[in-house]
Structure formats: C-alpha cells, structure tokens
Amino acid sequence: MSINMLTSVAEIAKNVKEILSEAEGGHDWYHIERVWKNALNIHQHEKKGDLYVIQLAALLHDIADAKFYEGDEAIGPATARIIMTKHQVPEKVKEEVIRIIENMSYRSSFSEHSYTSVELDIVRDADRLDAIGAIGIARAFNYGGFKNRPLYDPNIEPVEILSKESYVKNTSPTINHFFEKLLKLKDLMKTEKGKELAIKRHEYMCGFLEQFYTEVR
Ligand code: ADP
Ligand code: NI
C-alpha cells in the first residue's frame, strides 16, 4: 500500500472512532477494531484481495447500521461515501467499498444478490466471527438489553427465519437468536481461516448453551 493509502486508512479509523463514541456496545469502535484485525488476519492467510478495500470496508461497515436508523438502508452506504470523499479515496475504491457494505449484513443475505468478491468474503467472515464465541454471546445479550428483550422465555420457541422481513421484524428473546442465527454462522464462512476460527467459537457457544439450559431448567 502507498503512503497515501496508509494515511487515509489511519485517518478514517480515527474518524470512525469519533463517530461511534456513543454507539451501542456491540456495534461500537471496539467491534470495528476487532473486525479490522480479523480481516487482516484472514487476508494474511488467504493471500488475496485488495488490502486497501478490505480495510476501508471493515472500518466503515457499521458506520450507520439500518437497525439503529429505523430500517433506513441507505444511510450506511451514504455516510461511508461522505467519509471516503472527505479523505480523498479514489472513486473506484469507493464504489467497491460501498458494494461490500451493501451486501455484508446477515439481513442482506436473504435478498437475491449478484455481488461477490474476495474482499466481501473476507470482511463478512471477519464480521461474522465477532458475532460468535465469547464476544458473540456478550454482544447478543447487550443488543437484547438495548432492545429491552427478555433473556429467555420458555414459552417462545426459536423460529426458522427464511426471509429478510421476518429476520428484521423478529423480537424474540435473546437466547433464541443463537438458534435463529448465531449457530448457523459457522457453516456460512467462506474463507479457510474464517472457518477454522469459527469452529472454536461455535463450540464455545454450544458449551454456553448447554450450561445455560442446565441452570434454567
Ligand atoms: P445484522 O443486522 O445483519 O443481523 P449484524 O452483523 O449487525 O447483522 O448483527 C450483529 C450482532 O448484533 C449480532 O451478531 C448480535 O450480536 C446482535 N444482534 C442482532 N440481532 C439480534 C437479536 N435479534 N438478538 C440478539 N442480538 C442481536
Ligand atoms: Ni459488524
């Protein structure tokens, strides 16, 4: 990477940190930083993909998540564009980063999509790793608390979620989220390093769930 790219990555990181200073705990700067590190780690093993695009997408992927903006899906890509323009990111890179952000979230995986790229696979795996394991457990309960959802409710069974609409509308207890989404992520990983890391984190979540149900039953 050139000096210009290195400088803009560092400056954008600083900017993102400021913008997310009041964010929900599971989608704050430290989530971004973990995803950024995961993405660098995966890229090192994959040995492909443009590192500039990967880093910018990791840094900007949750800059304005629709679920915190009444479902507005345009605000994230639009905010990312403004930041990249401010930091003089070349047009071609900007377009690639925006396309990754638009296709990265779990909810967008229900829509028909035509866009695939090595960079998208790496950044999405990096983000999904942060949704599982010990950190995934912490984030899920923090998000449930933020939304004032019950931890568990023995009268509400997990449901099979098959559409973006039912995923977005779902307000079930947080423990159900493990069955509805988090336990599925391991098999959705695209990169070798992502898969390897996901297996360990997945097993940790299974142990947690076993213990959880032993205690509550
Ligand atoms: P998306 O919004 O596409 O599901 P995110 O990657 O932003 O994807 O979701 C990130 C994290 O937010 C989840 O992994 C989880 O920790 C938390 N989260 C999202 N929805 C729920 C939910 N219904 N219950 C508990 N946690 C949730
Ligand atoms: Ni994320």
Side-chain angles (χ1 to χ4, degrees), residues 20 23-42 45-46 58 61-62 65-68 71 76 103-111 113 120-217:
L20 293 179
E24 179 266 328
H27 292 83
D28 61 2
W29 163 253
Y30 296 104
H31 164 64
I32 303 305
E33 194 178 50
R34 292 189 301 272
V35 173
W36 186 15
K37 285 184 186 162
N38 286 345
L40 291 174
N41 184 12
I42 296 172
H45 287 81
E46 292 290 301
H61 83 279
D62 272 335
D65 190 312
K67 62 178 159 319
F68 301 113
N103 288 280
M104 219 175 120
S105 71
Y106 192 72
R107 58 181 186 274
S108 74
S109 69
F110 295 105
S111 326
H113 41 156
L120 170 62
D121 285 347
I122 291 176
V123 185
R124 194 174 38 208
D125 277 10
D127 189 35
R128 287 181 169 170
L129 277 173
D130 206 56
I132 59 180
I135 197 74
I137 297 168
R139 291 181 72 217
F141 284 101
N142 194 71
Y143 185 78
F146 182 79
K147 289 280 190 180
N148 199 24
R149 301 205 177 130
L151 302 178
Y152 75 102
D153 181 340
N155 301 308
I156 306 175
E157 291 284 315
V159 291
E160 190 61 43
I161 298 192
L162 298 168
S163 72
K164 177 170 158 179
E165 207 191 8
S166 61
Y167 178 71
V168 174
K169 279 195 175 156
N170 188 12
T171 56
S172 55
T174 303
I175 204 75
N176 293 20
H177 190 61
F178 289 82
F179 302 96
E180 290 165 351
K181 171 183 170 188
L182 305 182
L183 292 175
K184 297 180 198 286
L185 295 178
K186 166 177 74 73
D187 294 330
L188 296 174
M189 304 301 281
K190 295 278 174 78
T191 64
E192 281 315 307
K193 191 66 188 170
K195 280 180 203 165
E196 180 195 318
L197 294 167
I199 290 171
K200 287 188 214 151
R201 294 182 185 211
H202 180 89
E203 281 165 7
Y204 188 85
M205 279 198 301
C206 292
F208 165 78
L209 290 168
E210 246 172 68
Q211 178 71 17
F212 186 94
Y213 284 106
T214 306
E215 292 177 16
V216 301
R217 273 181 186 139

Task: Partner set under ring-ring contact (aromatic ring centres under 6.0 Å, His included) for Tyr152, not counting sequence neighbours - done: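 ring-ring contact (aromatic ring centres under 6.0 Å, His included) list for Tyr152, sorted by chain: Phe212.
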List the atom of [X], the atom of [Y], and the distance in Å for their closest heavy-atom pair.
X: Leu182; Y: Met205; answer: O-CE, 3.7 Å
X: Ala58; Y: Val35; answer: CB-CG1, 4.2 Å
X: Ile135; Y: Ile132; answer: CG2-O, 3.6 Å
X: Ile156; Y: Pro173; answer: CG2-CD, 3.9 Å

Inter-residue atom distance [X].[atom1] - [Y].[atom2], 0.5 Å rounding:
X: Thr191; Y: Arg128; atom1: OG1; atom2: CZ; answer: 11.0 Å
X: Leu188; Y: Lys184; atom1: CG; atom2: NZ; answer: 8.5 Å
X: Cys206; Y: Leu183; atom1: SG; atom2: CG; answer: 5.5 Å
X: Asp28; Y: Asn142; atom1: CG; atom2: CG; answer: 8.5 Å

Any side-chain donor near an acceptor of the partner, [X] and [Y], under 3.5 Å:
X: Ser166; Y: Ser163; value: yes
X: His31; Y: Asp127; value: yes
X: Lys67; Y: Tyr143; value: no
X: His177; Y: Glu180; value: no

For [Y], is there any backbone N or O sitting under 3.5 Å from a side-chain donor or acceptor partner on [X]?
X: Asp62; Y: His27; result: no
X: Asn38; Y: Asp125; result: no
X: Glu46; Y: Glu192; result: yes

Task: Ile161 and Lys181: CA distance, side-chain angles, deciding distance, side-chain contact (heavy atoms from CB on, under 4.5 Å) verdict - done: CA-CA 8 Å; Ile161 298 192; Lys181 171 183 170 188; over 6 Å; no
Open item on the list: Test: side chain to side chain donor-acceptor pair (under 3.5 Å). Region: residues 207-217. Which pairs qualify, not counting sequence neighbours?
Closed with: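 Output for this query lists Gln211-Glu215.
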Open item on the list: Could you walk me through whether Phe178 and Ile137 satisfy the side-chain contact (heavy atoms from CB on, under 4.5 Å) test, starting with their C-alpha distance in whole Å, then the side-chain angles of each, then the deciding distance to 0.1 Å, before giving a yes or no?
Closed with: CA-CA 9 Å; Phe178 289 82; Ile137 297 168; 3.9 Å; yes
Open item on the list: Suppose we screen for side chain to side chain donor-acceptor pair (under 3.5 Å). Which residues come up paired with Thr171, at least two apart in sequence or across chains?
Closed with: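 Result, side chain to side chain donor-acceptor pair (under 3.5 Å) vs Thr171: none returned.
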Task: For Thr174, all residues meeting side chain to side chain donor-acceptor pair (under 3.5 Å), sequence neighbours excluded - done: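 Side chain to side chain donor-acceptor pair (under 3.5 Å) list for Thr174, sorted by chain: empty.
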Do [X] and [Y] come close enough that some side-chain heavy atom pair is under 4.5 Å?
X: Phe141; Y: Ile175; result: yes
X: Tyr167; Y: Lys164; result: no
X: Asp65; Y: Ser105; result: no

TODO: Provide the full list of salt bridge (Lys or Arg N to Asp or Glu O under 4.0 Å) pairs with a residue in residues 139-151, sequence neighbours left out, each pair given once.
DONE: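 Qualifying pairs, neighbours excluded: Asp130-Arg139.
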Open item on the list: Would Phe179 and Glu160 count as a side-chain contact (heavy atoms from CB on, under 4.5 Å) here? Give the steps.
Closed with: CA-CA 9 Å; Phe179 302 96; Glu160 190 61 43; over 6 Å; no
TODO: For the residue pair Phe68 and Phe146, categorise the inter-ring angle as parallel (less than 30°), tilted (30 to 60°) or perpendicular (more than 60°).
DONE: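 It falls in the perpendicular class, over 60°.
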Task: Audit row: Glu165, Phe110, side-chain contact (heavy atoms from CB on, under 4.5 Å) steps and yes/no - done: CA-CA 9 Å; Glu165 207 191 8; Phe110 295 105; over 6 Å; no
Name every donor-acceptor pair, under 3.5 Å, that has one atom in a side chain of residues 193-204 and the other anywhere in the protein, sequence neighbours excluded.
from   : atom 1 : to     : atom 2 : distance (Å)
Lys193 : NZ     : Glu196 : OE2    : 3.1
Arg201 : NH1    : Leu129 : O      : 2.9

Task: SB check Arg124 Asp121 (cutoff 4.0 Å) - done: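 Looking at Arg124 and Asp121, the cut-off is met.
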